[in-house]
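Sharing a structure with you now.
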Protein chains: 2
Amino acid sequence: MAAAAAVSISTASKALNDTGRMGSETRERVKRIAAEIGYRPNALARGLLSKRSFTIGLLTNDTYGRFTLPVMAGISDALVDHGVSVFLCAIEDDPALAQIHVDAMLDKQVDGIIATGKRLDRRLPVDLSNLHVPVVYAFTEGTQNSVSFRSDDEQGARLAVEWLVKIGRRRIAHITGPEDFFSVRERAGAYHEVAGHREPVLYGVWSESWGHEAVEQLWKRPGEKPDALFCGNDQIARGAVDALREHGVKVPQDVSVIGFDNWEIVAAQTRPPLTTVDMELKELGRQAGLTVLALAEGRPVEPGVRKLPCRLIVRQSCGGKAPTE
Amino acid sequence: MAAAAAVSISTASKALNDTGRMGSETRERVKRIAAEIGYRPNALARGLLSKRSFTIGLLTNDTYGRFTLPVMAGISDALVDHGVSVFLCAIEDDPALAQIHVDAMLDKQVDGIIATGKRLDRRLPVDLSNLHVPVVYAFTEGTQNSVSFRSDDEQGARLAVEWLVKIGRRRIAHITGPEDFFSVRERAGAYHEVAGHREPVLYGVWSESWGHEAVEQLWKRPGEKPDALFCGNDQIARGAVDALREHGVKVPQDVSVIGFDNWEIVAAQTRPPLTTVDMELKELGRQAGLTVLALAEGRPVEPGVRKLPCRLIVRQSCGGKAPTE
DNA sequence: GTGACCTGAGAAAAGCTTTTACCAATCTCT
DNA sequence: AGAGATTGGTAAAAGCTTTTCTCAGGTCAC
């Protein structure tokens with residue numbers, strides 16, 4: 001630093017880091033002068049020596065940011081206290097682009113990498129398994145012996161269906177996304193388990209229009225109609241609510257509708273606002289961040305898949321009362 | 001590098017950088033061995049010397065990511081070719097957090113900072129005016145003598161209203177957000193200019209429910225109804241479309257509705273999909289990225305506000321034909 | 001054959017910080 | 001008072017690149 005503080009370069013360092021031996025008045029003086037001139041140590045130089053850059057990389061292929069943003073917020077939230085900054089790298093399922101970003105991050109000596117995606121059962125289009133920095137997977141499929149975090153979709157779905165049962169619904173239908181999604185199968189499994197097989201599962205796509213169409217199909221069928229819809233995501237739920245309204249069916253009086261994801265922009269703007277399942281992605285990001293930090297510091301972390309519980313967000317599309325917490 | 005390539009450390013450097021004098025067969029051999037052992041120079045050490053970290057910081061207070069994500073995508077897209085990585089720092093209108101992030105970035109010797117927000121007429125809660133690194137503002141209010149990029153909302157609004165006029169609409173109403181937003185006033189100004197003053201401007205909030213309510217108000221009034229609605233954003237437009245449907249008014253046959261923002265998740269999922277104005281945020285990010293890079297490299301950049309043109313996205317909520325491009 | 005020149009490569013410094021080793025001066029105890 | 005311990009501080013090395021300087025050996029010309 002400005003050894004212009006009339007002291008040697010090493011004394012300055014020790015003063016600012018509260019290490020070494022020196023007179024307390026010297027230490028104080030150095031600190032004061034450092035503060036005055038606004039001295040801040042160069043993290044590059046420090047990193048060169050300490051082998052820690054206090055930097056991690058976040059790799060994502062989720063362009064919408066639906067999943068990445070909350071995860072990122074959690075990571076950043078957890079790591080900012082430790083002085084760690086985050087490189088965000090959006091690779092759009094482009095292996096070449098991904099490799100460029102990974103190389104750039106490695107050159108910059110990131111302390112670790114968090115890989116995140118938009119789907120639990122897909123890998124990012126780049127191999128991170130043999131890097132010399134720790135890698136943690138969040139909301140995307142990890143590799144053998146890696147640490148990965150994911151939401152517990154089964155528990156989330158159970159939460160939703162149990163809620164519907166609890167408020168007295170019995171004929172619960174499930175409208176959801178494409179069956180090749182792992183989450184879809186998990187959620188459907190929990191649905192079957194809790195609700196029994198009274199109603200079929202309608203697989204489709206993740207859009208409002210599918211939710212709309214699914215309701216058309218259900219209401220076109222003869223016989224008793226469902227008194228509740230458990231939807232695979234909020235967009236489907238929203239389409240369903242719209243369709244119900246057009247049929248003159250009242251939500252939540254006649255039919256309860258529950259979504260999944262708690263995507264505020266969809267869930268809160270639906271009329272009525274959607275009761276839905278929140279995957280706690282921010283918390284997921286927080287844990288992923290702390291984990292990659294632990295690995296970077298050489299602390300041991302058990303490999304494996306960690307499932308984080310979902311939380312039920314009660315709004316008005318189901319009726320019933322919010323649980324007293 | 002592994003001078004284990006049987007050559008001195010300086011020769012290795014010169015070989016890999018194609019500088020200095022040396023026998024071509026030595027150069028080739030070093031390069032080959034470097035490639036074999038997967039050597040990559042340490043960017044920290046290089047940065048220490050060259051005063052360039054090939055790293056920039058992106059500061060944002062937009063938690064939804066509605067504006068930040070496209071901007072970020074543009075920046076990243078523009079800079080990845082130059083080997084620059086981006087620190088994403090989400091500060092949630094928290095001055096203390098913002099300062100922490102800025103300090104962390106400066107410590108890490110970022111080559112520049114891009115500030116971005118969710119509102120053109122608001123500053124970030126941190127002062128970036130006297131940093132020793134270049135700062136560029138994108139979609140947020142800049143400081144004196146700074147470089148800032150913003151969308152041309154006036155031109156965008158003009159585009160929208162002119163389109164409505166072109167397809168034969170005459171009684172065009174404007175439902176928009178809070179009047180204290182600069183963009184709202186600019187858009188309303190352009191609306192008045194192009195449409196004349198036949199219909200009032202309805203100021204409200206940026207939500208679907210306001211769009212819904214505004215239509216109620218309009219249709220409750222005696223006299224001729226509007227034949228077109230220019231909405232301040234896509235959410236308002238969506239609410240309006242829903243309300244019109246409930247009134248039995250057909251979109252686009254009876255009334256054309258046009259939005260603003262081109263927020264895919266809203267605009268494309270509305271029935272019918274919204275014709276809307278795109279602010280070209282990705283391009284805005286791209287230019288901001290290239291500009292901060294230019295400043296970092298010492299190239300001169302004229303200070304001032306750069307307005308980028310918006311683009312009309314024609315879907316089905318207005319009728320009319322897509323312009324032949 | 002010898003001085004001028006060129007070539008290929010290595011030595012060293014710089015960039016900034018932290019850490020270890022070290023030295024001179026003061027203190028302590030008998 | 002003098003040996004040994006303590007104190008307050010400095011010098012130097014290490015971490016990894018790049019750049020500039022230097023040098024040994026060879027080539028060319030006269």
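Just so it is clear: chains get the letters A, B, ... in the order the sequence lines come, proteins before strands, and each one is counted from 1.
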Practice item. Check side chain to side chain contact (heavy atoms under 4.5 Å, CB included) between Pro125(A) and all other residues, then give those that pass, not counting sequence neighbours. Key: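 For Pro125(A) the side chain to side chain contact (heavy atoms under 4.5 Å, CB included) partners, ignoring immediate neighbours, are Ile91(A), Asp93(A), Pro95(A).
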
Point to revise | Residues that Phe67(B) engages under ring-ring contact (aromatic ring centres under 6.0 Å, His included), provided they are two or more places apart | key: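 ring-ring contact (aromatic ring centres under 6.0 Å, His included) list for Phe67(B), sorted by chain: Phe139(B).
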
Exercise for review: Return the 5'-most residue of the pair Ser24(A), Arg46(A) with respect to DNA chain D, ranking by each residue's nearest nucleotide.
Suggested key: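 Its nucleotide being nearer the 5' end, the pick is Ser24(A).
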
Check your understanding: When we call it a touch if two heavy atoms are under 4.0 Å apart, what does Arg27(B) touch: a base, just sugar-phosphate, or nothing?
Key ->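 Here Arg27(B) touches no strand at all.
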
Point to revise | Nearest-nucleotide comparison on DNA chain C, the residue closer to the 5′ end among Ala45(B) and Ser10(B) | key: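 On the 5' side of the pair lies Ser10(B).
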
Check your understanding: How close or far is atom C1' of dG15(D) from atom CG of Leu49(B), stated in whole angstroms?
Key ->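 Computing the Leu49(B):CG to dG15(D):C1' distance gives 13 Å.
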
Point to revise | Salt-bridge present (Asp121(B), Arg150(B); N to O < 4.0 Å) | key: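 No salt bridge links Asp121(B) with Arg150(B).
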
Exercise for review: Quick one: label Arg21(B) by what it contacts on the DNA or RNA (base, sugar-phosphate, nothing), any heavy atom closer than 4.0 Å.
Suggested key: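 Counting heavy atoms under 4.0 Å across all strands, the contact made by Arg21(B) includes a base.
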
Practice item. Determine yes or no for a side-chain-to-main-chain donor-acceptor pair under 3.5 angstrom, with Asp261(B) supplying the side chain and Trp263(B) the backbone. Key: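 Pair absent, no side-chain N/O of Asp261(B) close to backbone of Trp263(B).
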
Exercise for review: Kindly say whether, by distance alone, the side chain of Lys14(A) makes a donor-acceptor pair under 3.5 Å with the base of dG8(D)?
Suggested key: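 No pair found.
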
Check your understanding: Could you state the CD-C1' distance from Glu28(B) to dG8(C), rounded to the nearest angstrom?
Key ->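 Taking atom C1' of dG8(C) as the reference, CD of Glu28(B) is at 15 Å.
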
Practice item. Under 4.0 Å between any heavy atoms, over every strand shown, what does Thr26(B) touch: base, sugar-phosphate, or nothing? Just pick one. Key: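 Sugar-phosphate: the residue Thr26(B), judged by heavy atoms under 4.0 Å, touches backbone atoms but no base.
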
Check your understanding: Counting side-chain heavy atoms from CB outward, which of dC16(D), dT17(D), dT10(D) is closest to Ser8(A)?
Key ->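 Nucleotide nearest to Ser8(A)'s side chain: dT10(D).
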
